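Indexing begins at 1, ligand by ligand and atom by atom, following the structure's order. This is a predicted model, so every value here is computed, not measured. The first residue in the sequence is number 1, and the count goes up from there.
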Amino acid sequence: MKLDLPREEVFSLLKRLSDSVGPSGNEGSVRELVIDEMRRVADELRVDTLGNVVAVKKGTRGGGKLMLAAHMDEIGLFVSHIDERGFLRILPIGGVPERSLVYQRVLIKTRDGRIYRGVIGLKPPHVIKPEELRQVPEMKEFFVDIGASSREEVLSMGVRVGDIAVFDRELSVLTGDRVTGKAIDDRVGLAVMLKSFEVIESAELDVYAVATVQEEVGLKGAEVAAYSITPDVALALDVTIASDFPGVSEHEWCTQLGKGPAIKVADGRSASGLIAHPEIVKMLVKTAEESGIPYQMEVLAGGTTDASVIALNKEGVPAGVISIPSRYIHSPVEVIDLKDVLNAIKLTKAFAEKTTHEWVSSLKERRIK
Ligand code: CO
Ligand code: ZN
């Protein structure tokens, strides 16, 4: 299939986003990139109190509101202690699996914007018991070595308790359309939102593209953004699990790389997740089929997205999710297929242009008597 958008353009945007340092609550450098992209194409642009970026494109028959949401934050670490010999202790920001930290390089960002490299060291195999060699350390056992020899030296570098760190990993191409890096969750959703927002041409409804903060620590930015916007319909753009690799049985893959964006049916566990609005699921399927966009259906056992809180805004919002299949999420080696990204952009654009006032009203409160 011919892709309308230059692959290199999408890759370079994704690389700028993914390589930025922006754990939950400290999304500033990602926000600057988003504002730069949105400035050219939005009719209105604002940053709210929590730091969400809200871009508006006026519809041809405005009044109704379609909200797109993709989160800017990534999982990361807080510096929680600096010891006398200059080692940093850390605490997680969001869901950081301990085993993703073993022997990693990290980038520390100070409150005045300086960036330092550090490594997460461990005792070498020569000095530990054989059983210890097979175990993943607990969070409290990890430390970061930034090359300093004393607390004074660390402080003179400007590093303080409360500063932040993320994986040190640049987005790179594996082969063909497969790329790997950190924070692909959810900088790829952000890239899909920015690019689709840019190319949306004749949507009836006003389109609100919201780059949210603090998703990884409880969907916080999306909650206040939805409250302020009061959308009539909403789509989150985020990664989903693709466990199509050795050691996972086929029925647990969830999605596969390169088979198209996933249309979410449900995610999360019991009370915390989303059951996508069935009419949105139907409309996304219809849109994909009519536009010749490959897609897969997604029923995810764990994890969720901004759509879960947007759906519960005020009197309720019909909500769905377009997901980008991603392997090894919440690690420094996340892997996606750029074909899925390009197709997710097309699907988002097509959905926005297909959404009519009539259809949206048919999803809303009906008076029976
Ligand atoms: Co995540
Ligand atoms: Zn995410």
The OD2(Asp238)-the Zn ion (ligand 2)-OD1(Asp185) angle, to 10°, is 140°

2.8 Å cut-off met by an N, O or S atom of [X] to the Co ion (ligand 1):
X	value
His330	yes
Glu216	yes
Asp186	no

Would a 4.5 Å heavy-atom cut-off, applied to side chains only, mark Ile93 and Val217 as touching?
->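 Ile93 reaches Val217 side chain to side chain.
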
Is Tyr227 atom OH crowded by more than 12 heavy atoms from other residues, nucleotides or ligands, each under 6.0 Å away?
-> no

Give a yes or no on whether Lys354 atom NZ has more than 12 heavy-atom contacts from other residues, nucleotides or ligands under 6.0 Å away.
->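 Count over threshold, so yes.
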
Nearest to the Co ion (ligand 1) - the N/O/S atom of Asp185, by atom name | OD2

To the nearest 0.5 Å, what is the distance between CG (Leu88) and CD1 (Ile108)?
-> 5.0 Å

Counting only N and O atoms by type, is there a donor-acceptor contact under 3.5 Å from the side chain of Asn52 to the main-chain atoms of Gly221?
->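 Looks like yes, one N/O pair under 3.5 Å.
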
Of all N, O or S atoms in His71, which has the smallest distance to the Zn ion (ligand 2)?
->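 Considering only N, O and S atoms, His71 comes nearest to the Zn ion (ligand 2) through NE2.
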
